[in-house]
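Every value quoted in this text rests on a predicted model; they were computed, and no experiment measured them.
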Amino acid sequence: MIPENRPLGMVAALAMMELMTSEQITNAGSVMADHDSIQTHVQTRSRQNSLAKGGPSERKCDLRWRPAMLHPASLRVLLPWLTSIIGIVSALCLVIAWFPSTVWNTPIASSDAPAHYYFIRRLLDEGLGAAVHLWPHNSFYPPLFHICAYFVIKIAALFGVQCSIYAAFNITWIIASGVIFPSGMLVLCRYFLQRWNRGIPISNRISNPISRISQASPTSESSSVSESSNVSNQHASSAVNQQYNATLDATFVLQNLLGLFVPVLAVSSVCHPYGLLNAGPLIAFGFATSLLPFLIAATLRLFDAIAARDHIVKWLAITAIAGVICLVAHPRIAFTYALILVPFIVLRLPWKLILGAFVAMCVGAVAFVALMLTSFKSDRWANPASWFHSHQPSKNLWESISFCFSDGLDGFPAILFALLLIAGTVAAFVCASRRAAMRSADSLSAAVSTVAPAFSADADALASDIAFSAPAVSPVSTSGLPAVSCSDAADVSLFASSEPSRPRRNDRLRDVIALMAAFLLVTLVYVCTVTLVGALPNIISAPWYRDENRIVTMLPLVALPLLVIGVNAFSECVSACVASASFAPSASSFSTKNSASSSSVPSLSSASAVSSVKNVSLASNWIGPLAAFLAIAILAVSAQIVCPSRTAVRDAIIAHSSLNQSDPNEQLTEQKITVLRKVTERTGTQATIISDPLNGSMYADTLFNANMLYPIINARTDVPSVPFGKVETAFASGDAQQLLGTVCPLTDAPEYFLTMGDQAQSLQSFPYRAQYDSFHNEELIDTYVDGGTLVKVADYSQYGQGWALYRFGCAD
């Protein structure tokens, strides 16, 4: 006789199949293949008998009952591309809509802006060969951004369009911020999503394990029962496969819907790219930050290749190329890269490679310290507490921590982002931890069964032993069905690993822990920068110059991937809980039905099986993804409506690029533009013009193509070709002979000196401004004029007090 609980076991299997998450379904399919390889001789003979009697083969059943929710294969191929394009185009539109229109014709008047314009001008004048020595004293500066702007001008010229330096600068920034950065964040986030849902091939459907269980009958009596109920099992198989497909489709669609909003969220925060355009602007570092997600994703792929011992050379080459590109954009991005990668190195690499990575980091740190000691002379190196002595905290502890958890958003979007980040991280950690525990238990069970296999004579008992491992099942209820709780359903593992000798690593848990650790490290650096003072905060934040603008760029790189996999995990938990709750009435009803017919051999009727499976509504598979989609959509949309921080940055840039300044000594005003035009008309574009670089005179280089003697920050005298530093020292000496002996040999053309008032108030935070004080020292200038060293050739006092153009008294 067949045990009375046979139908109940089958329905329990159906129930547990419905409760599986997308990755667990895949594990089920892969392990059932392993189950075939360890079948007893009795099971194999039973299957052969079933085939000999004319029953449909398992393969045919699977091919016949394999409906797809998203039927066209082309749709599955096109959907990722479609959502990616829509997301990136949306991000680009947001960046363009935000971009200040005033800077297309006038420069941004800030501390670093003249240098970037100067670098582009030098590339245009000297060709790409100047890329390796852009600084005025011919030392190296990261040139990638400026090379891109150079090519924008050259490409425009091919079509007969004259593109100004400012327009090329802006176009390059928009492409980097609105296309490259959101694309990189999409690649990075999709990497983590694919690992979270790993093992779900879109083109391969899962064979129905219910048919395998029902066909594994060790007795002739059970074989006849299986044969008589063949059609009924086919209907049940169809219903179960519909549920499988619903889960797979829900996961697939959610992954692509999240991909739709990742580019938008990447450009929603003031952290990057907007802040760096106002701070400096820090163009080179911002360009490297926009490229960094590609390097991080390539490195993580390399880690995967090392773990799988496959395609290592390919991903090593890709990672090396991406690394070189980022270093050419800005070498200091290596610190951000190392900080974010440290947790992944520790959790994902073999110990020998971990040791090698940390040795490389230590060597790099020593080289950086040596570079700083030789490049910047200071008597404060031995006292870290005195570093960055002019730095002042800008936020208290709560403000800095909340800023990190909200990814720099404002108002309601900030609260929603923080809630989703925290809830999703908890859900991902719990889900991954339970899954790791289940896998450990299943691996132990598989090892025990390999040493001492003990198969029950009853087929249903065998299926139960394989399918429902002890850790995954609660005590059996009085109805004969396993009591599955909502929390268990969130991360239930039904089957052991298909390769007991090579257990799968707990990728989900490792990713969650690594991302959490990276986020906490970035938060630590940010808090040290904007809140804490002293030696230790100075040392921690020194690689980023203790500059808040550079450090906040790291937040989206860790917060957004953590948010994405957290929301994905939360979606799985919601769907599993809904499925568990909806199955309870079906299981109870089916149990009552079959207990009434216990006097005879029960069979699984078509109507009962299909009804039991369909009672677990198809909508339960979509509730979690829909909830996640709505949450992310609300966050993305609201972040564009409530954005005072981004608006403030935009207003600041507009103010910096405006010529209507109340202070006549600001870098650029209408009066200074007029004077610089008149000066260039008088001197021509070949004569050398010397002036205080902090009065706005350096913009004449790109505004009117004047030949300004451009300065170098913290001018060094220990390297060749330092004309500005030598002129600065000679001018401050008061020695006319020394001054003329330094200035006159600069070029064969005449040399001029321009005064345009004091240094701009907006540049008072510039750390090396005192070195230019001699250029606006009126007493020193009058001394040179009285001695004939300087000869006034034009007076511009109607535009500003003391403004004038002088010519050096050289023999030419």
* Considering all heavy atoms of both residues, which atom of H116 and which atom of P281 are nearest to each other, and what is their separation? ->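 Heavy atoms of H116 and P281 come nearest at NE2-O, 3.2 Å.
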* From L555, L560, V558, residue fulfilling side-chain contact (heavy atoms from CB on, under 4.5 Å) relative to D407 ->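 One option only clears the test, and that one is L555.
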Would you confirm whether [X], through its side chain, and [Y], through its main-chain N or O, come within 3.5 Å as a donor-acceptor pair?
{"X": "R348", "Y": "L300", "answer": "yes"}
{"X": "D511", "Y": "W196", "answer": "no"}
{"X": "T319", "Y": "A298", "answer": "yes"}
{"X": "N278", "Y": "V649", "answer": "no"}
{"X": "R646", "Y": "V270", "answer": "no"}
{"X": "H272", "Y": "P556", "answer": "no"}

Looking at side-chain heavy atoms only, is the closest gap between [X] and [Y] below 4.5 Å?
{"X": "S177", "Y": "W98", "value": "no"}
{"X": "V564", "Y": "F261", "value": "no"}
{"X": "I634", "Y": "F412", "value": "yes"}
{"X": "Y274", "Y": "S645", "value": "no"}
{"X": "I415", "Y": "S406", "value": "no"}

* **Option passing side chain to side chain donor-acceptor pair (under 3.5 Å) with W544 (candidates T336, T529, T553)** =>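 Of T336, T529, T553, side chain to side chain donor-acceptor pair (under 3.5 Å) with W544 is met by T336 alone.
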Distance in Å, [X] [atom1] paired with [Y] [atom2], rounded so as to fall on 0.5 Å steps:
{"X": "H311", "Y": "I306", "atom1": "NE2", "atom2": "CD1", "answer": "14.0 Å"}
{"X": "L420", "Y": "L635", "atom1": "CG", "atom2": "CG", "answer": "6.0 Å"}
{"X": "L265", "Y": "F417", "atom1": "CG", "atom2": "CZ", "answer": "7.0 Å"}

* Would you please classify the geometry between the F285 ring and the H330 ring as parallel, tilted or perpendicular, with 30° and 60° separating the classes? =>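 If you compare the ring of H330 with that of F285, the planes turn out perpendicular.
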* Asked: Just checking, R550 and F335: is the charged tip under 6.0 Å from the six-membered ring centre and within 45° of the axis?
  ->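 No, R550 does not lie over the aromatic ring of F335.
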* To do: Would you tell me whether T172 and H146 have side-chain atoms, one donor and one acceptor, within less than 3.5 Å of each other?
  =>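 Distance-only check fails for T172 and H146.
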* Pair F119-Y141, ring-ring contact (aromatic ring centres under 6.0 Å, His included): steps then yes or no -> CA-CA 9 Å; F119 295 153; Y141 185 87; 4.9 Å; yes
* ring pair (Phe, Tyr, Trp, His ring centres under 6.0 Å) with F145: which of Y150, F169, W173? ->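 Only match with F145 under ring pair (Phe, Tyr, Trp, His ring centres under 6.0 Å): F169.
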